[in-house]
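This report concerns only the one structure given below.
Every chain is numbered from 1 and lettered A, B, ... according to where its sequence line falls, protein lines coming before strand lines.
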Amino acid sequence: VKPRILTKITIGVVLLVTASAAVHSQTVAVSDNPVMRAMVDELKRSVGELQFRDLEKPYFIQYVILDQERYRASATFGALTASDVDRRRIMQVQARVGDYDFDNSEFVTGPGFQGSPPAGIVSETVIDNNYDAIRHSLWLATDAAYKQSVEQLARKRAFVQNKVRTEQIPDFSKENPVTVIGMKQMLDLDKPRWEKQVREWSAIFREFPAIQRSSVILEAQVTHRYLVNSEGTSTFQPSMLVSVEVEGITESADGMRLRHWIPFNVSAFEQLPSREEISKSIRQMASDLSALRSAPVLDADYSGPVLFTGQASAEMFARVLVPNLSGQRLPLTDNQQAPTNRSELVDRLNRPVLPRFLSVFDDPTAQRIGNKELIGHYQVDDQGVPARRVSLIEQGVLKNLLMSRRPGKDMPQSNGHGRSGIPGRETAQIGNLFIQSNDGKTYETLKQELIKMCLEENLKYGILIKGLDTDTRSPIGMPVLTYKIYVDDGREELIRGAFAQSIPIRSLRQIEAVGNDNFVVNRLAGGDLPTPTTIVAPSVLLEEMDLKKPAGNQQKPSLLTHPYFASN
Amino acid sequence: MPIDDDVDALRSVIWLETDQKYKAAVERFIQVKANRAIKVDEEDTSADMSRESNQTAILPMVTMSVDVPAWENKLKTYSALFKKYPEIYEGTVSLSSNANNDYLVNSEGASIQHGQSSVRLSIYARTKADDGMELYRFEAFDGYTLDRLPSDDKVQQTIQTMIKDLQALRAAPVIEPYTGPAILSGRASGVFFHEIFGHRIEGHRQKNESEGQTFTKKVNQPILPDFISVVDDPTAERIGGIDLNGHYAFDDDGVPAQRVSVVDKGILKNFLMSRSPVSGFENSNGHGRKAPGYRSVGRQGNLIVQATNTISDARMRAQLIEEAKKQGKTFGLLFQDISGGFTLTTRANPQAFEVTPIMVYKIYVDGRPDELVRGVDLIGTPLTSFSKIVAAGDMPEVFNGFCGAESGYVPVAAISPAILTTQIEVQKRAKSSDRPPILPPPGGPTGGQ
């Protein structure tokens with residue numbers, strides 16, 4: 001089944017976006033908007049006048065203001081732990097000095113420096129629509145950003161002076177100016193209703209004596225991103241996110257800590273599954289977690305075929321494939337120990353990286369599949385470049401990489417994937433990633449193939465993973481729902497304690513088969529304001545991966561029983 | 001913790017926390033016993049925890065009610081006062097209002113509920129001198145309730161004064177390192193005593209062998225001039241009409257707050273005690289304090305410096321000039337206002353303190369007008385500094401603030417009259433080398449809408 005994808009192709013200079021029907025919209029003439037006016041006016045003044053004595057003027061200035069209104073309600077065991085609305089505006093000013101070929105950006109220096117290179121000045125600004133106050137804060141930030149850039153450029157020039165440079169790739173791409181003005185959205189919030197709702201969902205855990213700790217967190221946020229730059233680009237982008245995260249923690253009789261977690265990430269309240277459906281998922285999750293307590297432990301290290309289904313498959317692709325699809329070139333550095341998270345696929349263009357039956361593309365312009373909204377959707381990226389569908393892997397062959405405005409070798413332009421989430425350094429990242437196959441198989445077929453592979457390897461069982469949590473301490477996510485599939489009768493047995501080892505990117509060429517299903521995962525991972533992405537992936541049967549049995553000592557289980565379930 | 005009054009949910013959280021704290025304590029206890037076996041005996045072998053009488057108290061709980069739109073307007077109006085002054089780069093006014101309700105029960109039978117509200121209106125403004133030095137003024141008004149905050153007029157006057165001070169500071173010369181006589185205003189002296197003295201009489205520091213223990217062995221000996229006494233009195237609610245930040249009814253161990261006479265006519269009498277005893281001081285005196293999530297230790301509440309044989313401001317000024325002349329100096333210093341300070345109390349570091357003055361004047365011996373100077377920090381070591389205090393003023397002033405130490409941030413007050421000292425030392429303050437902004441602020445002659 002091919003997903004139906006609605007796309008909007010960005011043509012021309014002015015583009016009016018229709019907000020999704022489920023969201024309350026309000027037309028805003030941007031020329032009247034004091035935030036935008038303040039940005040445009042101060043930008044004009046800075047471009048015209050900002051220069052320190054005989055030093056270079058900035059060749060590029062960009063202002064971003066992210067206006068965010070956020071509601072967070074959380075509950076445990078049927079009682080509220082928080083219910084707060086907050087509003088903030090984060091401002092980012094970039095003033096690049098030098099020219100497109102060589103500027104102050106993407107240079108890290110100093111021993112022990114482990115962070116990413118600075119990307120201008122980021123700070124909070126006023127939340128009132130006060131023209132004067134916004135301009136005032138932009139003025140100070142522009143001044144600081146310019147001085148910082150002048151210093152960085154001097155250091156970077158001194159550094160390259162004595163180095164032989166093998167690659168002469170520009171630092172920043174020239175892009176066409178665009179004006180993309182979206183509609184303002186409102187956070188239409190019924191606080192008492194959601195307080196009651198999170199209490200009700202979290203009270204479900206009162207039915208599960210085996211679970212020690214639980215939480216239900218609802219977060220709803222509307223963000224409006226304003227961007228203007230000295231090339232003439234001006235954008236106003238609304239986005240809305242609603243998420244419900246449910247977590248349960250317990251321990252088995254031998255003291256092993258067990259955690260289960262389910263997220264619902266959608267782009268509007270109306271997109272959430274119904275109250276009853278979420279309650280049902282929570283009950284399912286709580287009974288899975290309760291079952292895990294008495295499930296047997298993975299008794300020996302495992303090396304062999306693994307079947308990933310549903311969310312686990314999407315999470316595995318997110319960890320193993322996604323970082324390697326970014327064409328982001330590394331910063332220049334004088335630090336030998338600098339972390340290198342460069343894609344391993346950069347030098348493999350036009351060569352096979354996946355089996356022939358798989359193709360991969362990223363399409364941030366896609367808004368929904370069926371009636372499911374994709375949260376990785378955007379009109380322009382965080383650098384003001386229109387979103388574009390990029391075909392990455394065609395029939396197993398790598399064709400392209402995701403690009404921000406930092407050019408790579410033979411890839412001089414952005415393809416609309418420069419993203420940062422919270423204003424900061426933009427890097428090439430996915431929006432909506434589609435992993436597609438022309439040869440999908442049913443679950444039963446996949447299971448039979450897994451068994452066949454086990455027989456060839458003389459294994460008594462193979463492994464099925466249905467759920468991975470997004471824990472970053474584990475290289476591919478921590479397996480939550482892991483099963484042994486026995487070769488003799490095909491029965492599935494829930495196990496616990498399997499720790500997934502990392503999967504090298506080359507292992508993905510040994511994907512044996514994929515499912516005819518298409519699991520849509522709206523994913524929020526990492527940080528205070530995670531970048532929303534969507535991964536659409538089928539189940540996959542991997543020829544080989546390693547799982548470790550649990551090591552080390554566990555803490556003794558709790559000494560008293562949960563007071564609610566105790567007799568006194 | 002749940003914010004709903006739901007007994008089952010609250011118990012479910014308390015249960016797990018108890019389990020974890022108990023397991024951690026068991027582990028720690030084994031380590032402590034092993035340590036004791038292999039290390040040399042401690043000098044102070046007093047008990048680990050004091051026995052206290054059970055307290056049962058149900059005091060009124062507090063709630064918070066802020067007219068948010070009205071306060072938003074007030075703050076906007078206040079902060080707009082900075083708009084007329086392009087040389088003030090940033091001016092912010094903020095209000096915080098808190099209602100804290102504490103519940104404490106323990107296995108000895110204590111059961112205490114008490115509530116306390118607090119509000120703080122703070123004003124901050126900054127600019128830069130042409131040489132790049134960051135200059136700022138900070139003023140805060142503290143009170144138990146919103147109606148204790150000053151009137152609009154008073155706040156506006158304060159802002160105008162801050163602006164004038166900053167304008168004057170931009171033009172003020174930088175002072176060179178100096179040692180000589182000085183007057184510390186009441187507020188400056190309060191912070192000086194808080195850092196240099198208050199932190200060194202916190203009970204647990206007398207026992208911990210990595211601490212400097214400046215005063216541990218000085219009980220019943222003179223440590224200050226005989227005209228000075230010091231008490232710490234958390235039961236005091238206000239002085240001179242000002243609400244005191246360090247007021248509380250029960251400390252964080254559930255022990256009632258007590259007025260403690262620490263120094264009587266120059267003689268050290270007592271320490272600020274939590275439930276961790278030290279040799280000769282077996283009980284808490286209601287000074288076990290902490291921020292949520294920390295373990296309480298002996299901390300200051302309202303540190304009050306009192307003096308007999310006080311003199312007027314004019315007399316003190318005359319004495320300063322006399323002393324400067326005697327030392328062959330052309331000027332003495334007046335520390336008018338101060339923003340805060342810090343001190344080092346452990347043995348691994350020099351026993352030193354530093355306070356950060358904002359408004360400092362040279363008082364010339366030849367009768368020239370006083371001259372505002374900038375760019376200095378007041379530094380020194382405790383024992384030397386105490387011996388140089390020669391006179392105290394007749395008007396106590398209050399410094400309300402927040403003090404950070406190993407048990408987190410707690411609200412405190414320091415109250416003192418002005419003091420005259422024959423010798424202080426100032427050092428140059430670290431400064432930024434960034435120049436002032438290149439363009440004038442928007443809306444000015446070249447900006448404009």
Side-chain angles (χ1 to χ4, degrees), chain A residues 34 37-38 41-42 45-46 48-53 55 74-84 126-128 130-144 146-148 151 195 199 202-203 205-206 211-214 249 555-566, chain B residues 1-27 68 72-73 75-77 79-80 82-86 88-94 126-128 132 134 432-449:
Chain A
R37 265 201 306 134
D41 291 351
E42 193 55 22
R45 185 169 81 120
S46 299
E49 301 174 26
L50 186 63
Q51 181 169 19
F52 186 60
R53 291 189 185 156
L55 292 172
S74 57
T76 188
F77 215 62
L80 216 55
T81 48
S83 170
D84 302 300
V126 295
I127 57 173
D128 272 347
N130 182 320
Y131 173 91
D132 292 328
I134 295 165
R135 260 194 91 169
H136 190 92
S137 60
L138 286 167
W139 160 63
L140 280 179
T142 310
D143 192 80
Y146 173 52
K147 285 170 181 163
Q148 180 182 288
E151 266 188 70
E195 289 177 355
R199 279 194 196 103
S202 100
F205 288 96
R206 294 189 178 209
I211 295 174
Q212 295 183 335
R213 193 192 301 250
S214 64
I249 290 170
Q555 192 182 259
K556 279 189 189 153
S558 63
L559 302 160
L560 302 179
T561 43
H562 194 301
Y564 184 73
F565 304 105
Chain B
M1 287 291 280
I3 54 174
D4 282 336
D5 290 342
D6 180 325
V7 174
D8 293 324
L10 287 163
R11 277 189 73 177
S12 77
V13 174
I14 293 168
W15 157 65
L16 268 188
E17 192 64 21
T18 308
D19 192 77
Q20 277 171 13
K21 283 284 180 295
Y22 173 62
K23 283 171 185 160
V26 167
E27 220 176 291
V68 174
E72 286 180 350
N73 269 329
L75 297 181
K76 282 187 213 176
T77 311
S79 74
F82 292 105
K83 258 176 107 166
K84 273 187 279 176
Y85 304 91
I88 310 293
Y89 305 144
E90 211 181 324
T92 60
V93 183
S94 59
R126 76 172 178 95
T127 184
K128 252 177 188 288
E134 292 277 355
S432 147
S433 54
D434 273 352
R435 288 170 187 281
I438 297 161
L439 297 180
T446 59
Q449 298 184 27

Worksheet entry | Set of residues satisfying side-chain contact (heavy atoms from CB on, under 4.5 Å) with respect to B:P437, sequence neighbours excluded | A:W139, A:L140, A:D143, B:Y89
Fill in: Contact class of A:F205 relative to chain B, heavy atoms under 4.5 angstrom
neither
Worksheet item: So what's closer than 4.5 Å to chain A heavy atoms on B:Q20: side chain, backbone, both or neither?
Response: side chain
Worksheet entry | Validation row: B:D19, A:L560 side chains within 4.5 angstrom (heavy atoms) | no
Worksheet item: Using non-hydrogen atoms only, which part of A:Q212 is less than 4.5 Å away from chain B: side chain, backbone, both, or neither?
Response: both
Response to the item:
Residues passing the ring-ring contact (aromatic ring centres under 6.0 Å, His included) test with B:Y85, sequence neighbours excluded, are none
Worksheet, complete the sentence: Closest non-hydrogen atoms of A:T561 and B:W15, given as atom of the first, atom of the second and distance, are O-NE1, 3.5 Å
Worksheet item: Is it the side chain or the backbone of A:F52 that comes within 4.5 Å of chain B heavy atoms, both, or neither?
Response: both
Practice prompt. Could you tell me which portion of A:E151 (side chain, backbone, both or neither) has an atom closer than 4.5 angstrom to a non-hydrogen atom of chain B?
Written response: side chain
Discussion item. Please classify the contact between B:L16 and chain A as side chain, backbone, both or neither, with a heavy-atom cut-off of under 4.5 Å.
Written reply: side chain
Worksheet item: In terms of heavy-atom pairs under 4.5 Å, which option from A:N130, A:L80, A:L138, A:D128 contacts chain B the most?
Response: A:L80
Practice prompt. Could you look at A:A38 and say if it's the side chain, the backbone, both or neither that has a heavy atom under 4.5 Å from chain B?
Written response: neither
Fill in: Whether B:K23 side chain and A:K556 backbone form a donor-acceptor pair below 3.5 Å
yes
Discussion item. So which atom in A:K147 and which in B:P436 form the shortest heavy-atom distance, rounded to 0.1 Å?
Written reply: NZ-O, 3.1 Å
Response to the item:
Correct closest heavy-atom pair for A:R206 and B:D8 would be NH1-OD2, 3.3 Å
Item to complete: Identify which part of B:V7 has an atom lying under 4.5 Å from any heavy atom of chain A, answering side chain, backbone, both or neither.
Response: neither
